[in-house]
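This structure is a prediction, so every number in the text was calculated from the model and none was measured.
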Amino acid sequence: MSPVADSPPVKYGILLFPGFQALDAFGPIDILNMLSQTAPVHFSIIAATLEPVSTKVKPTSPTVGQSVVPTHSLDNAPEDLEVLLVPGGGGTRQLESTEPLVAFLRATYPKLRYLLTVCTGSSLAARAGLLEGKKATTNKLAYKWVVSLDDKVDWVAKARWVTDGNIWTSSGISAGIDMMYAFVSEIYGPDVAGDIARRSEYIRNTDSADDPFASLV
């Protein structure tokens with residue numbers, strides 16, 4: 001793992017795949033969008049190819065979905081990424097099609113300053129072997145499935161988010177917003193995080209152990 005510099009990170013990225021959960025991605029992204037009004041933030045959207053990535057697992061699904069256009073493919077992702085965000089969603093259960101993303105995580109993590117996962121995004125990190133010996137959490141309704149992927153992880157059932165070293169993992173979907181606010185507070189200061197929350201009219205959960213959904217496990 002690269003040593004963490006004193007200055008805040010600048011180069012952020014998100015790793016997308018078909019079937020990513022919209023709020024997993026856009027909740028934290030919007031916080032970064034607002035952060036960039038007062039701090040330097042460069043943001044990349046990385047996916048297997050440069051084709052638009054849908055929130056639908058299957059394009060023919062009758063459910064409503066939206067698509068995002070990547071800025072980079074796995075083959076030409078920025079070499080100087082400092083923070084990588086990995087959302088969850090139904091697409092994480094597509095083990096074969098997400099294997100290239102797992103390989104990308106395994107190769108990229110040593111160069112990162114921070115890895116942040118939301119919901120079942122932690123399943124991709126677990127499959128890459130990045131969570132072994134670390135504390136981590138995940139979506140409560142998918143908890144047993146994610147835990148089954150790597151029993152060498154110290155999975156925490158009751159947690160809104162968990163920090164272990166330079167890896168941050170959150171519980172399901174909306175928990176990623178609280179995790180990102182906590183990350184901003186840690187890196188840029190509580191006043192910055194508080195100001196973004198105020199402008200967003202968002203009431204933060206600032207206690208990572210306050211998990212009202214733990215009973216869903």
Side-chain angles (χ1 to χ4, degrees), residues 1-2 4 12-25 27-29 45-48 53 55 57 74 77 81-180 182-183 186 208-209 211 213-217:
M1 180 176 63
S2 300
V4 177
Y12 286 78
I14 188 169
L15 189 61
L16 294 186
F17 47 87
F20 74 92
Q21 186 74 32
L23 192 61
D24 285 12
I29 285 176
I45 302 172
I46 305 163
V53 184
T55 54
V57 176
L74 297 178
L81 280 176
E82 297 176 273
V83 182
L84 184 61
L85 175 68
V86 184
T92 58
R93 292 182 180 267
Q94 307 301 306
L95 301 186
E96 183 176 352
S97 63
T98 55
E99 188 56 38
L101 281 73
V102 170
F104 176 81
L105 280 172
R106 190 179 295 118
T108 302
Y109 173 69
K111 298 179 286 185
L112 296 175
R113 290 173 63 180
Y114 301 97
L115 175 66
L116 284 60
T117 73
V118 181
C119 191
T120 56
S122 57
S123 71
L124 300 177
R127 288 167 54 197
L130 306 182
L131 303 182
E132 290 189 5
K134 295 182 177 294
K135 293 182 181 295
T137 195
T138 191
N139 181 294
K140 298 307 162 19
L141 292 177
Y143 190 83
K144 293 179 181 178
W145 171 70
V146 176
V147 168
S148 72
L149 297 172
D150 192 343
D151 61 4
K152 297 182 179 64
V153 181
D154 185 3
W155 294 105
V156 182
K158 186 177 181 181
R160 190 67 172 162
W161 72 89
V162 170
T163 307
D164 193 329
N166 69 340
I167 296 181
W168 296 58
T169 57
S170 84
S171 185
I173 309 180
S174 66
I177 300 174
D178 288 326
M179 179 188 72
M180 183 56 80
F183 178 79
E186 177 75 17
S208 64
D211 181 9
F213 302 100
S215 61
L216 297 177
V217 174

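- Here the CZ-OG distance, from R160 to S174, works out to 4.0 Å after rounding to the nearest 0.5 Å.
- The NZ atom of K134 sits 10.0 Å away from the CG atom of L115 when rounded to the nearest 0.5 Å.
- Residues forming a side chain to side chain donor-acceptor pair (under 3.5 Å) with T169 (at least two apart in sequence, or on another chain): none.
- A search for salt bridge (Lys or Arg N to Asp or Glu O under 4.0 Å) contacts involving D154 returns K135, not counting sequence neighbours.
- Legend: residues meeting side-chain contact (heavy atoms from CB on, under 4.5 Å) with V57, ordered by chain and number and at least two apart, are Q94.
- Contact between P28 and V118 at its shortest, heavy atoms only, is CG-CG2, 4.3 Å.
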Step by step, work out the side-chain contact (heavy atoms from CB on, under 4.5 Å) result for V102 and L95.
CA-CA 9 Å; V102 170; L95 301 186; over 6 Å; no
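- Side-chain contact between L124 and L105: present, with at least one pair of heavy atoms (C-beta onward) separated by less than 4.5 Å.
- Note that CZ of F20 and OG1 of T98 are 15.0 Å apart. Values are rounded to the nearest 0.5 Å.
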Side-chain donor/acceptor pairs under 3.5 Å, residues 83-92, sequence neighbours excluded:
residue: T92; atom: OG1; partner: G89; partner atom: O; Å: 2.8
residue: T92; atom: OG1; partner: T120; partner atom: OG1; Å: 3.1

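- The CD1 atom of I177 sits 11.5 Å away from the CD1 atom of I29 when rounded to the nearest 0.5 Å.
- A distance of 9.5 Å separates OG1 in T117 from CG in D24, rounded to the nearest 0.5 Å.
- Considering only residues two or more places apart in sequence or on other chains, K158 meets the side-chain contact (heavy atoms from CB on, under 4.5 Å) condition with D211, A214.
- The distance from the CG atom of L23 to the OG1 atom of T55 is 12.0 Å, given to the nearest 0.5 Å.
- Side-chain atoms of L101 and I46, non-hydrogen and from C-beta on, never get closer than 4.5 Å to each other.
- Within the structure, salt bridge (charged side-chain N to carboxylate O under 4.0 Å, His left out) pairs that include any residue of residues 99-108 comprise E99-R127 (at least two apart or interchain).
- For T108, the side chain to side chain donor-acceptor pair (under 3.5 Å) test picks out no residue, with sequence neighbours left out.
- Across every non-hydrogen atom of L81 and L112, the tightest pair is O-CD2, 3.7 Å.
- Among residues two or more places apart in sequence or in another chain, the ring-ring contact (aromatic ring centres under 6.0 Å, His included) test is passed with F17 by none.
- For A157, the side-chain contact (heavy atoms from CB on, under 4.5 Å) criterion is met by Y143, V217, not counting sequence neighbours.
- Using a distance-only test at 3.5 Å, with no hydrogens or angles considered, no donor-acceptor pair links the side chain of W155 to the main chain of K144.
- Contacts of E186 classified as side-chain contact (heavy atoms from CB on, under 4.5 Å), with partners at least two apart in sequence or in another chain: W168.
- Closest of all the heavy-atom pairs between A136 and V162 is N-CG1, 3.9 Å.
- In terms of the side chain to side chain donor-acceptor pair (under 3.5 Å) criterion, residue partners of S122 (sequence neighbours excluded) are, by chain and number, T138.
- When the side chain to side chain donor-acceptor pair (under 3.5 Å) test is applied to N139, no partner is found at least two apart in sequence or on another chain.
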